[in-house]
K.L.:
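First, the structure itself, so that you have it in front of you.
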Amino acid sequence: MRKWNTFQYETGDPMSEADRIEEAKAKYRAERDKRLRADAQAQYSQLTEDYEEFDHDPWAEPGFTREPVVERTEVVIVGGGFAGMLTAVGLLSRGITDFRIVDKAGDFGGTWYWNRYPGCMCDVESLIYLPLLEETGYCPTMRYAPAQEIFEHCQRIGHHFDLYPHALFQTEMDTAVWDEPDARWNITTSRGDQLSAKFLITAGGILHKAKLPAIEGITDFAGRAFHTARWDYGYTGGSPTEPMDQLADKRVGIIGTGATSIQVVPQLAKAAKEVYVFQRTPSAVGVRANEPVDRAWFDAQEPGWQAERMANFTSAVSGEQPEQNLVGDGATQLLWQDTQQQADTPERAAELERSDFETMESLRARIDEVVDDPATAEKLKPWYGKHCKRLCFHDEYLAAFNQPNVHLVDTNGQGVHQVTSKGPVVDGVEYELDLLVYASGFEVTTGLVSRLGFDPVGRDGVRLSERWHDGAHTLHGVLTNGFPNLLVCHFIQAGYGLNFHHYLRELTAHLAAIVAQASEEGITSIEATVEAEDAWLALLWEAGKGFGRYSAACTPSYHNSEGARTMAAARNVVIPGNLMNYIGHLQRWRDEGDLPGTVVVRAEATRV
Ligand code: NDP
């Protein structure tokens, strides 16, 4: 009998571990192959372009108007989420006060502005995920903070650093055109603004564009339908902090079983008459164990504690084992070993494989422990490596399937292909619904231009979409040739961290440093050289060898561009492994002082 305890399993199964690993690998391959599809990322439709009614802002002030702003400024930051706010705070810390923040949302917060679905919370410890805790003096209530609290913290940052006067909300970028003689970006917006900025910083976020599966008949559905990032409490009742009280007589379906869905399903299970969960690929769900933050502990921390805790977490989830694991939660215990890395020897490769298998076995065993019906438990089991999709942590999701009103509709890796006026059709069965929720995710690894929603025009009228037609060309993921003073704040050709805040904190400090150095040294414009872009890509590909092999064996997801094998997917990569490697590259580049790998034009018009 298999016995599961928090992160290990024991088994009396006579099969050898090596045989079980081989068996699992064969199943991983079969499950991946079932899901690979030629249309890869194109299987999704963009909300704004195809289904405009899905993309309205439920939170914005209706009828909002303002006078257009016409001004010259030092910096325009696109995006008012963590990245935009941290960039602004970084600029302020370097004495640069002349900037604008443009965001289509009605407030700061980015993903935490949009995502207010029931059960929404952060899956990274709030003590390291919420920015600027020491600066604002804010102590999070829970180890994993609810979304509402994170959104309020974003507003707190906005007030604390007096960012609101800089913000142009409910405003979308229309055009951004580089004016070579003036060495500035000329920007127009949906509200008639005309901004002239020395630097344009794109901090659009990775969860900025919600996507829908392009399912036949999707717009024929006669009931209510919306994406999780546009939750309609007017229909469901309740609010982000109160239970939904208008679903007791409703049949609700939810398409998708990713990190969002596992938070929503338990809430729907409590509120709705019937819940149908349409699954293409199950999530791996570990123990959450949320608890209140100890205020006395918080008050006793020495200055610099948050940076130290963040670095410790990053190291603990990057294959290193810090002497003391400060966060010590499920993420650090399941991800302590980076099993994607390139192994030096066959023995090391086998060790990494075994470690990955054991982690996933423990998560599969947990399902048998929690879910009563063995057939349902079997369908909920994830058959892929631990880095293939974001690991989830929740204590109510799996248990929800023990409720009589919750039904798992497994599509055997095929997904929902058809929706009629009554509801989704799977295996010839039409599921009649009142509400259909799309937990179908966001454009994370599509082209940057598509996600930004505008197409910067650089030198000689060349659009970014043209220069990057075959994927990104950058130095550090930040500077790009032909687009002077465009600073990209994203995670294309850059780093990545499970704690996205840690990544953004470092990257935005880098951006602020470039702007400040330009101002101090009379630099008119800066862009990467083509040679430096090529060298950076070569470095990324070398560093990513192990990752590429691992990722190719994975079931499709946004992590591997839905299995696409295109040049753009190959170029739009990140430095895998420890985020500190990427941070080290930025730091060393700044330390050199003379901006290597760039074309710099100074005020006296001498090219260096
Ligand atoms: P995901 O992209 O992770 O999940 C989308 C889901 O929709 C997948 O289960 C996908 O299946 C499914 N799907 C797509 N098309 C179909 C179809 N035709 N039929 C059935 N199912 C379909 O999006 P999420 O919103 O869940 O998460 C996105 C990211 O947001 C996370 O990875 C995480 O980074 C972040 N997030 C963070 C949270 C936090 O606490 N910090 C909380 C929630 C989200 P398949 O897997 O087969 O592609």
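Just so you know, ligand 1 is whichever comes first in the structure, and atom 1 is the first atom listed for that ligand. For reference, positions follow the sequence shown, starting with 1.
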K.L.:
Which atoms of ligand 1 have any heavy atom of S440 under 4.0 Å away?
P.N.:
5 (C), 7 (O)
K.L.:
Main chain of S440, side chain of T228: is a donor-acceptor contact present, judged purely on distance under 3.5 Å?
P.N.:
no
K.L.:
Using heavy atoms and a threshold below 4.0 Å, how should the contact between Y117 and ligand 1 be classified: side chain, backbone, both, or neither?
P.N.:
side chain
K.L.:
Quick check: Y550 with H387 (ring centres under 6.0 Å apart)?
P.N.:
yes
K.L.:
Would you check the N or O atoms of S261, main chain and side chain alike, for any that come under 3.5 Å of an N or O of ligand 1?
P.N.:
no
K.L.:
Can you sort out which atoms of ligand 1 are near G415, meaning under 4.0 Å from one of its heavy atoms?
P.N.:
17 (C), 19 (N), 20 (C)
K.L.:
Does K389 approach ligand 1 within less than 4.0 angstrom via side chain, backbone, both or neither, non-hydrogen atoms only?
P.N.:
side chain
K.L.:
Assess the pair Y438 and H227: is the distance between their ring centroids shorter than 6.0 Å?
P.N.:
no
K.L.:
What's the separation between atom NE2 in H153 and atom OG1 in T136, rounded to the nearest 0.5 Å?
P.N.:
4.0 Å
K.L.:
Considering distance alone, does some N or O of I215 sit under 3.5 Å from an N or O of ligand 1?
P.N.:
no
K.L.:
Going by the order shown, which atoms of ligand 1 are within less than 4.0 Å of some heavy atom of C122?
P.N.:
40 (O)
K.L.:
Spell out, as yes or no, whether a donor-acceptor pair under 3.5 Å connects the side chain of E149 to the backbone of T141.
P.N.:
yes
K.L.:
Which atoms from ligand 1 have a heavy atom of A259 less than 4.0 Å away?
P.N.:
26 (O), 31 (C), 43 (C), 44 (C)
K.L.:
So, the side chain of D395 versus the backbone of R288: is there a donor-acceptor pair under 3.5 Å, distance only?
P.N.:
yes
K.L.:
What part of P213, side chain, backbone, both or neither, has a heavy atom within less than 4.0 angstrom of ligand 1?
P.N.:
side chain
K.L.:
Looking only at the side chains, is there a donor atom on one of N405 and Q403 sitting less than 3.5 Å from an acceptor on the other?
P.N.:
yes
K.L.:
Relative to atom 5 (C) of ligand 1, which among G258, G256, A439 owns the nearest non-hydrogen atom?
P.N.:
A439
K.L.:
Does one side chain, of E31 or Y384, offer a donor that lies under 3.5 Å from an acceptor on the other?
P.N.:
no
K.L.:
Out of N499, T281, L391, indicate the one that has the non-hydrogen atom closest to atom 47 (O) of ligand 1.
P.N.:
T281
K.L.:
Counting only heavy atoms, which portion of Y129 has something under 4.0 Å from ligand 1: side chain, backbone, both, or neither?
P.N.:
neither
K.L.:
Looking at R116, is its backbone amide N or carbonyl O close enough to the side chain of Y233 to form a donor-acceptor pair, meaning the two atoms are under 3.5 Å apart?
P.N.:
yes
K.L.:
If you measure every N/O of V416 against every N/O of ligand 1, is any gap under 3.5 Å?
P.N.:
yes
K.L.:
For T257 and ligand 1, does the shortest N/O to N/O distance drop below 3.5 Å?
P.N.:
yes
K.L.:
Check whether the side chains of T241 and Q148 place a donor and an acceptor atom closer than 3.5 Å, and report yes or no.
P.N.:
no
K.L.:
Check each of Q414, R280, K211, R35 against atom 11 (O) of ligand 1 and report the one with the nearest heavy atom.
P.N.:
R280
K.L.:
Heavy-atom contacts with R390 under 4.0 Å: which atoms of ligand 1 show up? List them by number with element.
P.N.:
31 (C), 32 (O), 33 (C), 34 (O)
K.L.:
Under 3.5 Å between some N or O of ligand 1 and some N or O of D123?
P.N.:
yes
K.L.:
Look at atom CD of E308 and say whether more than 12 heavy atoms of other residues, nucleotides or ligands are closer to it than 6.0 Å.
P.N.:
no
K.L.:
Out of curiosity, is M121 lining ligand 1, as in a heavy atom under 4.0 Å away?
P.N.:
yes
K.L.:
Please work out which of F442, F500, F278 has its closest non-hydrogen atom nearest to atom 28 (C) of ligand 1.
P.N.:
F442
K.L.:
Could you check whether D329 and Y144, counting side-chain N and O atoms only, form a donor-acceptor pair closer than 3.5 Å?
P.N.:
yes
